[in-house]
Amino acid sequence: MVCVNPFSEFYTGCETVLKDAINRLYPDFPLPSILLDVPPNLEFGELAASVCFELAKHAKNKPRTIAQELVQAMDVSGFSLIDSVQAAGAGYINFRANSEVFSSLTLKSIKELDATYGYVKTDKPKKILLEHTSVNPVHPIHIGQARNPMLGDAISRILKNRGHEVSRHYYVDDVGRQSAVIAYGYTKLGKPKPEGKPDRFIGEIYTVTSCIMEVKRLNKAVKSSKNLEAQEAAKLHRELDEWVSISAEMEQRFPQLFNKLLAEISKDPDPEEQVGKLIRAYEAGEEAAKQLLREVCELCLKGFRETLCSVEISVDCWDWESDLIWNGDVNRVIEQLKASPYVFEENGVLEFDAEKVADDLDLKKKLGISDDHELTPLTLVRADGTSLYTTRDIAYHLWKFEQAERVVNVIGMEQTLPQLQLKLALSALGHPDYIANLTHFAYSLVRLPGYRMSSRRGRYITLDEVMDGAAQRAYNEVSKRSPHLSDEEKRQISVFVGKGAVKYALVSVDPTKPVVFTWDRVLDFENNSAPYIQYSHARARSILRKASREPKSADYSLLTDSMERELVLMLARFPEIFLDAAENLKPNAIADYVNTLADKFNRFYTKLPVIKAESVGLSDARLALVDATRIVFHNALTLLGIEAPERM
RNA sequence: GGGUCCGUGGCCUAGCCAGGAUAAGGCAUUGGACUUCUAAUCUACAAAAGAAGAAAUCCAAUGAUCCGGGGUUCGAAUCCCCGCGGAUCCGCCA
């Protein structure tokens with residue numbers, strides 16, 4: 001017999017028995033939705049109920065007495081998975097699984113389902129559009145943002161294995177000042193061929209160009225600041241000071257690039273105007289601007305593709321923001337919104353009244369906002385007639401919902417408000433149902449100790465640097481721990497170890513928690529890290545290799561040691577963990593689970609001999625246990641995009 | 001000023017949505033499990049002590065006002081209220 005979710009099988013059995021007993025003894029008692037929990041300790045069995053404390057109030061009796069009564073009234077004879085039920089503590093009811101039946105069901109199911117074990121399929125498969133990464137193409141992906149692709153990729157793997165059809169989208173934000181600044185600097189340099197990685201090259205041009213322009217702008221502002229108030233003038237001076245010092249730093253870091261750009265830009269009477277012109281020309285779809293801007297963005301994206309490829313993350317579709325302007329989508333959205341009662345004009349600017357929409361359609365509760373919180377209006381169109389980022393995002397999301405039933409956006413937490421305004425705008429356009437189907441998967445950006453990464457200031461550690469560092473560090477570790485391996489083998493191992501370590505470090509922490517980047521955090525090779533889990537998997541593999549036989553005469557009734565029972569329980573619970581991770585988008589739950597599994601497995605491994613067990617029946621049963629563990633390691637790591645190695 | 005998120009041993013994290021038994025892991029610190037060597041005629045064995053070395057492993061010790069204060073409850077890290085600290089947003093930026 002094969003069971004997709006062995007733990008749930010056991011759970012439902014216990015639940016049925018318990019419900020039946022309660023219904024008979026206390027027919028008026030309203031049952032809580034969750035009756036059973038995994039107790040803190042295996043001594044208390046595999047499942048426990050604390051419902052008797054509730055019942056005590058209802059029945060005006062001691063919880064312990066009620067527990068005893070209920071246990072008396074229960075009939076478990078029809079449930080082979082349940083070994084025994086006991087009243088315990090002050091009034092708990094503990095269910096113990098029948099080792100033999102439970103182990104055999106779990107291990108056989110895993111063996112049978114193999115690479116699909118745990119991936120419980122949904123009965124409502126959906127088309128899901130997942131947007132992730134979407135780093136602006138103006139500098140390399142830095143470690144501050146690196147949580148995004150890792151989380152996005154894990155979510156996509158999880159949802160796919162849940163049975164959904166997922167397409168992964170990258171929103172290329174090419175409209176606006178940043179890309180124009182690069183294009184401007186790039187032209188001034190004479191459109192050189194990039195040396196080294198192209199995104200790095202673009203990042204340098206961006207930082208240096210914008211820095212030079214900023215100093216020039218502030219200089220001008222200071223000169224004409226005589227009739228400003230003292231406070232304002234002092235603020236300008238402070239800003240100028242900061243940018244002058246950044247500029248000195250840039251000159252030192254990139255002397256050639258800096259001096260060439262400085263010389264060229266200085267010839268220009270009004271660089272700001274040039275950049276402004278470029279922005280307008282690009283939005284208008286003028287051929288020359290189009291070619292130039294796309295060329296610059298493509299260069300950067302080429303670098304991104306390399307980076308993403310190096311961590312084995314791929315994207316199905318690259319959506320350009322500019323396309324939404326050129327094909328008229330953005331204008332259509334503006335017209336539609338204008339026709340709604342939620343848009344007003346103020347000083348020549350078109351504003352969207354988020355507050356009114358929320359009130360009229362009664363959406364505040366639905367969005368989790370308190371009634372007295374007043375929402376700020378959103379500017380849709382500038383006085384000069386150009387659109388803003390969120391306006392274009394509305395058009396983008398209308399398009400997204402033509403492609404898919406559900407949309408998930410992996411976007412930083414700081415964009416909570418625009419994401420909310422977006423939902424309101426979609427409702428105003430007649431799609432209140434999109435609110436439930438649009439998920440903003442928010443995460444905190446990774447910070448450096450003491451300050452935030454800033455691309456304008458050139459202050460960031462790139463993901464590439466971190467990956468290189470990880471591979472190097474992994475190589476050193478491998479050499480230290482396994483000096484007998486050939487250099488080729490060491491390199492091979494250090495590649496997947498390095499990648500795994502970084503991915504795990506970024507995915508394993510609750511995404512809403514702020515994380516401060518330190519090399520130690522990311523390059524952890526001790527317990528509670530991907531290498532530890534990978535090693536555990538390799539260890540399981542190695543036992544199976546040494547045994548080199550099929551466990552045909554396994555006697556599951558012999559798996560009675562608490563180590564074994566805990567391990568079986570862990571394995572049986574994987575589908576449940578997967579479901580939670582998939583339904584609530586919690587990739588970190590998988591990371592946490594697989595680490596705990598490694599703990600239990602290693603404890604089992606050192607304590608109990610597998611190949612040299614006392615009897616063949618026991619040895620085979622343990623072998624089956626090791627094999628099942630190996631499969632679950634593999635399946636869990638796969639969800640996180642981490643390789644499960646044969647040996648290391 | 002207002003909104004949102006976060007606050008768990010010295011450090012990092014899980015648990016919080018759906019309240020339940022002793023707050024669970026990791027790092028760091030301390031000790032232990034392993035191997036090798038060590039006095040003289042040789043060989044074998046055992047023990048103790050000392051020294052050196054190894055480990056993507058395990059065991060143990062140590063260590064917590066679950067940010068503070070109230071409240072709800074038989075029971076609060078978890079729910080509610082009031083504070084405190086940190087992050088972030090409140091642009092005709094993206």
Side-chain angles (χ1 to χ4, degrees), chain A residues 32-34 37 39-41 43-44 48-54 56-57 62-63 88-92 94 134 136 138 173-179 321 346-351 368-370 372-390 392-393 412-420 442-445 447 452 474 477-478 480-483 493 497 501 505 508-516 518 520-521 524-536 538-539 580 584 586 588-589 591-593 595-596 598-599 601-607 648:
Chain A
S33 58
I34 293 173
D37 255 317
N41 195 313
E43 285 168 41
F44 305 129
S50 55
V51 68
C52 299
F53 296 98
E54 291 285 332
K57 245 182 300 177
K62 282 188 182 158
Y92 297 94
N94 295 338
S134 300
N136 293 358
V138 295
D173 193 0
D174 57 334
V175 180
R177 214 186 116 81
Q178 290 178 312
S179 295
E321 193 178 5
E346 204 173 64
N347 307 326
V349 169
L350 206 63
E351 300 274 359
I369 316 168
S370 73
D372 44 352
H373 176 220
E374 195 162 325
L375 291 155
T376 44
L378 169 75
T379 306
L380 293 170
V381 181
R382 292 190 189 92
D384 69 0
T386 53
S387 62
L388 282 100
Y389 176 81
T390 309
R392 300 186 290 261
D393 216 19
M413 236 187 47
E414 69 284 353
Q415 296 215 40
T416 306
L417 181 60
Q419 286 287 308
L420 204 68
Y443 66 95
S444 295
L445 295 183
R447 294 154 36 80
R452 229 186 125 169
E477 289 292 314
V478 175
K480 200 170 82 194
R481 298 180 206 253
S482 320
I493 293 171
V497 165
S508 62
V509 178
D510 182 335
T512 60
K513 289 210 184 197
V515 161
V516 175
T518 55
D520 278 354
R521 173 194 280 278
D524 189 358
F525 291 77
E526 299 300 324
N527 283 16
N528 207 347
S529 71
Y532 170 67
I533 299 157
Q534 288 173 314
Y535 176 72
S536 307
R539 207 171 211 192
D580 179 42
N584 303 313
K586 275 164 51 178
N588 54 313
D592 199 56
Y593 168 82
N595 183 61
T596 309
D599 277 342
F601 174 68
N602 282 319
R603 229 162 278 169
F604 157 82
Y605 172 90
T606 39
K607 202 178 156 197
M648 69 185 269

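Chain identifiers are assigned alphabetically (A, B, ...) following the order of the sequence lines, protein sequences preceding nucleic acid strands; residue numbering begins at 1 within each chain. Quantities reported herein were computed from a predicted structural model and do not represent experimental measurements.
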Chemist: Please report the distance separating the P of B:U36 from the corresponding atom of B:A46, rounded so that it comes out in whole Å.
Modeler: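 The answer is 11 Å between these two P atoms.
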Chemist: With respect to the side chain of A:E43, which nucleotide from B:U22, B:A21, B:C92 is positioned closest?
Modeler: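 The closest nucleotide is B:U22.
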Chemist: Start with the C-alpha distance between A:D173 and A:Y389, add both sets of side-chain angles, then the distance that settles side chain to side chain contact (heavy atoms under 4.5 Å, CB included), and finish with yes or no.
Modeler: CA-CA 9 Å; A:D173 193 0; A:Y389 176 81; 3.6 Å; yes
Chemist: Is it true that A:D520 and A:T518 share a donor-acceptor pair across their side chains at a distance under 3.5 Å?
Modeler: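 Result is no, nothing qualifies.
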Chemist: To the nearest Å, give me how far apart CZ (A:R447) and C1' (B:U88) are.
Modeler: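 From A:R447 CZ to B:U88 C1': 10 Å.
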Chemist: Roughly how far apart, to the nearest Å, are B:U88 and B:G10 at atom P?
Modeler: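 Their P atoms lie roughly 26 Å apart.
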Chemist: Hey, what are the protein-to-nucleotides 72-77 of chain B N/O distances that come in under 3.5 Å?
Modeler:
none

Chemist: With side-chain hydrogen bond (donor to acceptor under 3.5 Å, both in side chains) as the criterion, how do A:S536 and A:N602 come out once you've worked through the C-alpha distance, each side chain's angles and the decisive distance to 0.1 Å?
Modeler: CA-CA 7 Å; A:S536 307; A:N602 282 319; 3.1 Å; yes
Chemist: Would one find a side-chain N or O of A:R603 under 4.0 angstrom from OP1 or OP2 of B:C59?
Modeler: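 Affirmative; the distance criterion is met.
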Chemist: Would you compute the distance between atom OH of A:Y92 and atom CG of A:D37 and round it to the nearest 0.5 angstrom?
Modeler: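 Going from the OH atom of A:Y92 to the CG atom of A:D37 covers 10.5 Å.
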Chemist: For the side chain of A:M413, starting at C-beta, report the closest nucleotide among B:C5, B:A56, B:A21.
Modeler: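 For A:M413, the side-chain atoms sit closest to B:C5.
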Chemist: What is the nucleic acid contact for A:L388, judged by heavy atoms within less than 4.0 Å: base, sugar-phosphate only, or nothing?
Modeler: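 The answer is sugar-phosphate, as A:L388 gets under 4.0 Å only of primed atoms, P, OP1 or OP2.
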Chemist: Can you identify which nucleotide, out of B:U57, B:A87, B:A21, has its nearest atom closest to the A:T606 side chain?
Modeler: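 For A:T606, the side-chain atoms sit closest to B:U57.
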Chemist: For B:G1, which nucleotide in any strand shown is its Watson-Crick or wobble partner with both distances under 3.5 Å?
Modeler: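 B:C90 is the nucleotide pairing with B:G1.
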Chemist: By nearest heavy atom, map A:R382 and A:A474 onto RNA chain B; which one lands nearer the 5' end?
Modeler: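 On the 5' side of the pair lies A:A474.
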Chemist: Under 4.0 Å between any heavy atoms, over every strand shown, what does A:D520 touch: base, sugar-phosphate, or nothing? Just pick one.
Modeler: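 Counting heavy atoms under 4.0 Å across all strands, no contact is made by A:D520.
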Chemist: Please enumerate all protein N or O atoms sitting under 3.5 Å from an N or O of nucleotides 13-17 of chain B, with distances to 0.1 Å.
Modeler:
{"unit_1": "B:U13", "atom_1": "OP1", "unit_2": "A:R521", "atom_2": "NH2", "d": "2.9"}
{"unit_1": "B:A14", "atom_1": "OP1", "unit_2": "A:D510", "atom_2": "N", "d": "2.7"}
{"unit_1": "B:A14", "atom_1": "OP2", "unit_2": "A:K513", "atom_2": "NZ", "d": "2.9"}
{"unit_1": "B:A14", "atom_1": "O2'", "unit_2": "A:D592", "atom_2": "OD2", "d": "3.1"}

Chemist: Mind checking if A:E477 touches a base, just sugar-phosphate, or nothing, with heavy atoms under 4.0 Å?
Modeler: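 Nothing: the residue A:E477, judged by heavy atoms under 4.0 Å, touches no strand.
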Chemist: Can you tell me the distance, in whole Å, between the CG atom of A:N595 and the C1' atom of B:A56?
Modeler: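 Roughly 13 Å, once rounded to whole Å.
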Chemist: State which of B:A56, B:A94, B:C90 makes the closest approach to the side chain of A:P531.
Modeler: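 For A:P531, the side-chain atoms sit closest to B:A56.
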Chemist: With C1' as the reference atom in both, quote the distance from B:G31 to B:A44 in angstrom, rounded to an integer.
Modeler: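 It works out to 34 Å between them.
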Chemist: What's the CG-P distance between A:L380 and B:C93, to the nearest Å?
Modeler: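 For the pair A:L380 CG and B:C93 P, the rounded distance is 13 Å.
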Chemist: Which base sits across from B:A60 as a Watson-Crick or G-U pair, both distances under 3.5 Å?
Modeler: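 Pairing partner: B:U30.
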Chemist: Identify which nucleotide among B:C5, B:U88, B:G2 has an atom closest to any side-chain atom of A:H373, counting heavy atoms from C-beta outward.
Modeler: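 The closest nucleotide is B:G2.
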Chemist: Just the rounded figure in Å: distance from P of B:C59 to CZ of A:F604.
Modeler: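 Distance check: A:F604 CZ to B:C59 P gives 14 Å.
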Chemist: Categorize A:A56 for me: base, sugar-phosphate, or nothing, with a 4.0 angstrom heavy-atom threshold over every strand shown.
Modeler: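 Nothing: the residue A:A56, judged by heavy atoms under 4.0 Å, touches no strand.
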Chemist: According to a strict under-4.0 Å criterion, is A:N527 in side-chain N/O contact with OP1 or OP2 of B:U57?
Modeler: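 Answer is yes, contact under 4.0 Å.
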Chemist: Do A:S444 and A:V515 have side chains that get closer than 4.5 Å, going by heavy atoms?
Modeler: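 Side chain of A:S444 against side chain of A:V515, heavy atoms only: no contact under 4.5 Å found.
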Chemist: Rounded to the nearest 0.5 Å, what separation is found between the CG atom of A:L350 and the CG atom of A:L378?
Modeler: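 A:L350 CG to A:L378 CG: 10.0 Å, rounded to 0.5 Å.
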Chemist: Among the candidates B:G20, B:A18, B:A94, find the nucleotide nearest to the side-chain atoms of A:D37.
Modeler: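 Given the options B:G20, B:A18, B:A94, the side chain of A:D37 is closest to B:G20.
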Chemist: Starting the side chain at C-beta, find the nucleotide from B:A56, B:G91, B:U57 nearest to A:T379.
Modeler: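 For the A:T379 side chain, the nearest candidate turns out to be B:G91.
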Chemist: Side chain of A:Y535 only, heavy atoms from C-beta on: which candidate in B:U22, B:U57, B:A94 is closest?
Modeler: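 Of all the options, the side chain of A:Y535 is nearest to B:U57.
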Chemist: Would you measure the distance from the C1' atom in B:A23 across to the matching atom in B:A56 and give it in whole Å?
Modeler: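 Each nucleotide's C1' atom is 29 Å from the other's.
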Chemist: Measuring only the C1' atom in each nucleotide, how far is B:G19 from B:G75? A whole number of Å is fine.
Modeler: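 So the two C1' atoms sit 8 Å from each other.
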Chemist: Can you tell me the pairing partner of B:G85 across any strand shown, Watson-Crick or G-U wobble, with both distances under 3.5 angstrom?
Modeler: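 Its partner is B:C6.
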Chemist: In whole Å, what is the span from the CD atom of A:Q419 to the P atom of B:U88?
Modeler: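 One finds 19 Å between P of B:U88 and CD of A:Q419, rounded.
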Chemist: Applying a 4.0 Å non-hydrogen cut-off, can you work out what A:S33 is touching in the nucleic acid: base, sugar-phosphate, or nothing?
Modeler: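 Here A:S33 touches no strand at all.
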Chemist: Contact class for A:N94 vs. all strands (heavy atom < 4.0 Å): base, sugar-phosphate, or nothing?
Modeler: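 Base, at least one base atom sits under 4.0 Å.
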Chemist: For A:A598 and A:I533, work out which heavy atoms get closest and say how close.
Modeler: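 Looking at all heavy atoms of both residues, the closest pair is CB-CG1, 4.2 Å.
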Chemist: Does any nucleotide pair with B:A51 by Watson-Crick or G-U wobble geometry, both distances under 3.5 Å, and what is it?
Modeler: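 For B:A51, the partner nucleotide comes out as B:U36, under the 3.5 Å rule.
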Chemist: Could you measure the distance from the CE atom of A:M413 to the OG1 atom of A:T512? Nearest 0.5 Å is fine.
Modeler: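 One gets 7.5 Å once the value is rounded to the nearest 0.5 Å.
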Chemist: With rounding to whole Å, what would you report as the distance between B:G15 and B:G71 at their P atoms?
Modeler: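 29 Å, rounded to whole Å.
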Chemist: Take A:G368 and A:P40, find for each the nucleotide of RNA chain B with the closest heavy atom, and name the residue whose nucleotide sits nearer the 5' end.
Modeler: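 Taking each residue's closest nucleotide, the earlier one in sequence belongs to A:G368.
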Chemist: Taking atom C1' in both B:U65 and B:C59, compute the distance separating them and give it to the nearest angstrom.
Modeler: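 Between the two C1' atoms, the distance is 31 Å.
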Chemist: So how far is it from A:L417 CG to A:T376 OG1, rounded to the nearest 0.5 Å?
Modeler: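 Nearest 0.5 Å value for the CG-OG1 distance: 4.5 Å.
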Chemist: Can A:D592 and A:S508 be said to form a side chain to side chain contact (heavy atoms under 4.5 Å, CB included), step by step?
Modeler: CA-CA 7 Å; A:D592 199 56; A:S508 62; over 6 Å; no
Chemist: Could you walk me through whether A:D393 and A:Q415 pass the side chain to side chain contact (heavy atoms under 4.5 Å, CB included) check?
Modeler: CA-CA 12 Å; A:D393 216 19; A:Q415 296 215 40; 5.8 Å; no
Chemist: Please report the distance separating the C1' of B:A24 from the corresponding atom of B:C66, rounded so that it comes out in whole Å.
Modeler: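 Here B:A24 and B:C66 have their C1' atoms 13 Å from each other.
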Chemist: Given B:A56, B:C5, B:C93, which nucleotide is nearest the side-chain atoms of A:V478?
Modeler: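 The answer is B:A56.
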Chemist: Measure from OH on A:Y605 to C1' on B:A33 and round the result to the nearest Å.
Modeler: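 In whole Å, B:A33 C1' lies 15 Å from A:Y605 OH.
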Chemist: Counting only Watson-Crick pairs (N1-N3 plus N6-O4 or O6-N4) and G-U wobbles (N1-O2, O6-N3), all under 3.5 Å, who is the partner of B:A24?
Modeler: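 WC or wobble partner is B:U13.
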Chemist: Taking only N and O in the side chain of A:Y532, is any of them less than 4.0 Å away from OP1 or OP2 of B:A55?
Modeler: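 No, outside the criterion.
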Chemist: Grab the OH-P distance between A:Y92 and B:A21 for me, whole Å please.
Modeler: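 The distance from OH of A:Y92 to P of B:A21 comes to 5 Å, rounded to the nearest Å.
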Chemist: About how many Å separate CD1 of A:I493 and CD of A:E477, when rounded to the nearest 0.5 Å?
Modeler: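 Answer for the CD-CD1 pair, A:E477 versus A:I493, is 12.5 Å.
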Chemist: Please identify each residue that fulfils ring-ring contact (aromatic ring centres under 6.0 Å, His included) with A:F601, with sequence neighbours left out.
Modeler: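 Partners of A:F601 by the ring-ring contact (aromatic ring centres under 6.0 Å, His included) criterion, ordered by chain and then number, come out as A:F633.
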